[in-house]
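Let me begin by presenting the structure, written as structure tokens, before commenting on it.
Lettering follows sequence order; numbering is per chain, from 1.
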Number of protein chains: 2
Amino acid sequence: MIDPIGALSARLGERGWLSGDDAEPYLRDWLNRYGVVPMGVARPTGTAEVANVVKICREAGIAIIPQGGNTGLCGGAVAQQENAIILSLSRMTAIEPPDPDSLSILVEAGVVLASLHEALQRHGLIFPMHLGAEGSARIGGLIGTNAGGSQAFRYGLMQDLVLGLEAVTADGEIWNGLRAVQKDNAGYQLRKLFSGSEGTLGVVTRAILRLFPAPKKRATALVAVADFEAAVAFGTFLRHEAAEFMSALEFFSEFGVALVLKHLAGIAFPLETRGAVYILIELAAGSVCVPLDEILGSALEWGMEQGLVIDGALAMSEGQRAHFWRLREEQPEGQRLEGAQLKHDICVPPGKIAQYIENGAKICEFIIPGVRINPFGHLADGNIHYNLSPPEGDGFMIEKATALSNALAALATEMGGSFAAEHGLGRSKIALAELLRSPVERQLMTTLKAAFDPAGLMNPGVIVSSSRQRKTFR
Amino acid sequence: MIDPIGALSARLGERGWLSGDDAEPYLRDWLNRYGVVPMGVARPTGTAEVANVVKICREAGIAIIPQGGNTGLCGGAVAQQENAIILSLSRMTAIEPPDPDSLSILVEAGVVLASLHEALQRHGLIFPMHLGAEGSARIGGLIGTNAGGSQAFRYGLMQDLVLGLEAVTADGEIWNGLRAVQKDNAGYQLRKLFSGSEGTLGVVTRAILRLFPAPKKRATALVAVADFEAAVAFGTFLRHEAAEFMSALEFFSEFGVALVLKHLAGIAFPLETRGAVYILIELAAGSVCVPLDEILGSALEWGMEQGLVIDGALAMSEGQRAHFWRLREEQPEGQRLEGAQLKHDICVPPGKIAQYIENGAKICEFIIPGVRINPFGHLADGNIHYNLSPPEGDGFMIEKATALSNALAALATEMGGSFAAEHGLGRSKIALAELLRSPVERQLMTTLKAAFDPAGLMNPGVIVSSSRQRKTFR
């Protein structure tokens with residue numbers, strides 16, 4: 001057998017094959033919890049090169065870890081074993097001109113989300129995916145984790161926005177599913193299956209994405225409410241009243257606001273009265289004829305009359321709007337600067353958010369008295385980032401952290417929700433899946449994995465654990 | 001081994017196991033092209049019974065053909081072999097109360113779509129799936145074929161509307177994936193994979209569906225345009241101008257209108273001027289503050305100024321609206337009454353509809369001079385029902401029909417579209433898939449099928465042909 005590393009470096013060239021110090025930036029995950037040093041980092045420039053890399057690795061029995069922007073929070077894009085390479089899509093960044101008549105665009109997997117937003121701006125089109133990491137997250141990774149973000153309830157998750165897909169299979173074959181239509185039912189929905197498969201079934205190389213006309217009008221409000229029950233009630237009202245215009249309905253807590261104001265410079269609190277919970281509402285319409293301010297204004301009035309809303313303000317300028325959004329977007333950063341934290345990406349039916357937060361708080365207080373809860377997230381789809389800071393001056397013990405994670409995940413499951421909303425399973429949540437999902441479901445996933453990747457070389461240990469994989473395959 | 005038919009009839013009882021004349025209504029497909037007489041029809045009343053039926057059949061090596069409303073157009077819900085049973089979901093019709101706060105509802109697979117619409121009416125909620133067969137089509141079948149319909153571009157296909165799913169696997173195990181959240185990324189998207197799998201991977205038994213607030217306002221217009229190019233240009237304009245309000249953008253042709261007026265009683269042509277193509281536009285808004293009539297009226301004015309629109313009318317009453325819709329909905333019936341016909345369910349990127357119809361017409365004229373084309377469908381997502389009537393007084397020869405079907409499917413494929421838009425592959429389009437989809441794609445599907453159904457008993461011969469199945473499995 002030839003030397004696989006020699007073959008990879010010869011084929012990919014100096015910029016395409018990184019090892020030693022050059023490979024450093026690719027090796028650890030965003031939260032610096034995962035990442036064994038692999039044999040190197042392959043950075044191919046096109047689909048055919050990706051296929052070659054996969055074939056060489058397959059021949060040599062080397063594991064392949066596809067990596068996009070490496071912004072994932074579950075450790076799914078770095079190596080778990082030395083006998084592996086990281087396959088970075090970071091040099092595949094081509095964006096074709098959009099098709100405004102068909103509302104679609106062809107992009108390579110390495111395109112950074114913010115670059116796509118920028119490229120569409122002058123065409124009056126949007127790709128409606130927005131999340132904190134958009135300055136680094138790449139399309140392939142967003143597809144791999146089936147990202148959601150703040151507009152998912154209106155426009156969908158990545159799986160809903162992918163029309164066509166191209167991927168390299170575990171065999172190193174190129175699957176060209178680059179069709180530019182929503183209605184394609186010629187068999188199993190492979191495009192949907194690859195979305196959320198976290199690089200374990202193959203490598204996404206290109207995608208045709210669904211676009212929308214850019215809204216012509218926008219209205220943004222920040223609202224303070226007394227508690228989570230009021231937040232949910234007002235959220236339900238808004239979803240029924242503002243229906244198709246609603247493009248964001250974000251919530252965060254007084255504790256989170258306090259952390260942001262404490263740790264970050266240049267942010268003033270924009271309302272007169274503090275609440276226990278805040279809601280950031282954004283409406284966007286494709287027609288200038290829609291009286292968005294009136295719709296939002298009268299919704300706020302209704303909320304005040306009902307005693308749901310304590311205080312609120314409509315953004316009167318782009319600057320004020322950015323200010324409102326910063327309060328929401330800096331929630332993770334404010335908490336990071338406070339010290340140790342535990343992140344939980346939970347989803348429950350939207351009507352049950354208050355109930356979840358209340359019951360979750362009891363569990364937390366029971367396991368760690370005095371633990372500080374900073375729930376924020378997406379009111380319209382029930383996605384709660386239920387993040388915890390330890391009691392002031394304390395840290396987290398690993399046993400308590402695991403107990404909390406298990407209990408909060410079980411609670412979401414009991415309530416008809418999920419313990420893995422928009423971050424995927426990666427490596428960090430497999431134990432939860434084994435604990436909380438049925439043996440039938442886990443077996444279906446193992447079967448699927450074994451069918452698509454019988455050698456078990458595509459991102460092993462992600463979604464399906466390596467030990468389960470060994471037991472099932474062959 | 002026990003007698004499997006005896007076991008089935010004993011377990012299911014008189015109403016649950018049909019054979020002989022009683023089984024008759026279940027045996028042939030909608031177009032009366034497919035259906036070998038099977039051993040009988042099982043009609044279980046719940047998920048556990050479905051699992052039992054699957055286990056008995058599996059033990060005895062009997063094929064299982066899941067059937068919903070049996071309205072499919074590709075022969076996917078009837079038997080191809082005698083050693084089979086039809087598993088009808090028609091007795092599983094429970095509808096739970098909807099959850100207005102979380103906008104979801106739990107239903108059994110046998111619920112008829114129109115019954116669901118009706119059940120939601122008094123709650124001010126909608127399940128936004130509308131298609132011709134809604135009076136008979138059942139939820140399980142709609143999921144199995146990943147149905148689309150007239151509102152898919154706004155609200156999505158069935159796969160987009162399924163939050164949670166329960167299915168019985170080929171092993172007779174019950175997979176409970178009944179979560180009520182959009183954001184659930186705990187591994188592979190099984191709910192999306194079962195959507196569109198046409199009963200070949202398992203039997204869908206229950207689903208949690210996504211609901212939306214009922215629109216509070218609606219505006220409907222019928223417009224005549226000079227040709228398909230004008231239709232596409234006006235459609236693009238409308239999609240950009242009426243953005244999120246657009247809930248239907250249907251088209252049909254002068255030939256189709258002539259057939260409807262010729263064969264169906266009680267329909268008058270509602271405009272003053274005839275065009276070559278007609279567009280039915282429907283806007284719906286969740287807020288009463290949206291001036292829909294003004295938005296639609298000024299779009300029509302713009303269309304006239306641009307020379308795109310020849311004539312048009314806004315529906316001034318519910319009766320007039322129903323009249324406009326009838327012209328569109330009776331297109332299949334008008335053509336059926338004209339005599340022999342060939343149906344093609346094509347999808348192309350919406351901007352290419354005119355080009356497809358023009359090039360398609362040349363192909364048709366070349367293969368059968370004088371053949372009459374009746375294209376109608378969904379302008380916003382590019383879904384064309386490209387149906388043909390033979391030259392007056394003629395029929396279709398099978399060789400020519402096959403040549404036409406192949407050529408039209410190839411044309412859609414070349415243009416970045418699909419030859420199987422919203423009807424699935426069933427049995428009738430497998431040959432097209434083998435012809436036009438890559439060996440890599442077909443192999444991925446065969447691999448998937450073999451993994452989920454190694455014995456090949458779940459709806460054999462659908463999606464993956466029986467001969468391919470025999471070659472690959474075991």
| message | So if I apply the side chain to side chain contact (heavy atoms under 4.5 Å, CB included) rule between A:Tyr188 and each of B:Leu444, B:Leu425, B:Thr200, which one comes out positive? | response | B:Thr200
| task | Can you tell which part of B:Lys429 gets under 4.5 Å to a heavy atom of chain A, answering side chain, backbone, both or neither? | result | neither
| Relative to chain B, which segment of A:Val348 carries a heavy atom at a distance below 4.5 Å: side chain, backbone, both, or neither? | backbone
| query | Where the side chain of B:Thr447 meets the backbone of A:Ala451, is there a donor-acceptor pair that is under 3.5 Å apart? | reply | no
| request: Answer whether the closest heavy-atom distance between the side chains of B:Phe153 and A:Arg210 falls below 4.5 Å. | output: yes
| said: Within the 4.5 Å heavy-atom criterion, are B:Asn185 and A:Leu157 side-chain neighbours or not? | reply: yes
| So which part of B:Ser195 gets closer than 4.5 Å to some heavy atom of chain A, the side chain, the backbone, both or neither? | backbone
| Can you name the residues that form a salt bridge (Lys or Arg N to Asp or Glu O under 4.0 Å) with A:Arg442, not counting sequence neighbours? | A:Glu434
| task | With a 4.5 angstrom heavy-atom cut-off, could you sort out which part of B:Ala214 is near chain A: side chain, backbone, both or neither? | result | neither
| request: Below 4.5 Å from any heavy atom of chain A, which atoms of B:Asn176 appear? Answer side chain, backbone, both or neither. | output: backbone
| remark: Cut-off 4.5 Å, heavy atoms of chain A, and the answer for B:Ile174 is backbone
| Listed by chain and number, what are the side-chain hydrogen bond (donor to acceptor under 3.5 Å, both in side chains) partners of B:Glu422, not counting sequence neighbours? | A:Lys183, B:His378, B:His385
| Between B:Gly156, B:Ala186, B:Gly424, B:Ser418, which residue shows the highest count of heavy-atom pairs closer than 4.5 Å to chain A? | B:Ala186
| task | With the side chain counted from C-beta on, respond yes when B:Glu244 and A:Arg154 share a heavy-atom pair under 4.5 Å apart, and no when they do not. | result | yes
| message | Is B:Ser197 in contact with chain A via its backbone, its side chain, both, or neither, using a 4.5 Å heavy-atom distance? | response | both
| field | Derivation and outcome, side chain to side chain contact (heavy atoms under 4.5 Å, CB included), residues A:Val440 and B:Asp171 | value | CA-CA 10 Å; A:Val440 175; B:Asp171 282 345; over 6 Å; no
| field | Among B:Leu103, B:Leu178, B:Asp99, residue most engaged with chain A (heavy-atom pairs, under 4.5 Å) | value | B:Leu103
| query | Side chain, backbone, both or neither: which part of B:Gln182 has a non-hydrogen atom closer than 4.5 Å to chain A? | reply | both
| message | What part of B:Thr413 gets within 4.5 angstrom of chain A, counting heavy atoms only: side chain, backbone, both, or neither? | response | neither
| query | What part of B:Ala433 is in contact with chain A, defined as an atom under 4.5 angstrom from a non-hydrogen atom: side chain, backbone, both or neither? | reply | neither
| B:Gly196, B:Gly382, B:Ala152, B:Ala243: which one forms the most heavy-atom pairs within less than 4.5 Å of chain A? | B:Ala152
| field | Minimum heavy-atom distance A:Arg179-B:Glu441, with the two atoms named | value | NH2-OE1, 2.9 Å
| field | Nearest-0.5 Å distance that lies between atom CG in A:Asp101 and atom CZ in B:Arg239 | value | 7.5 Å
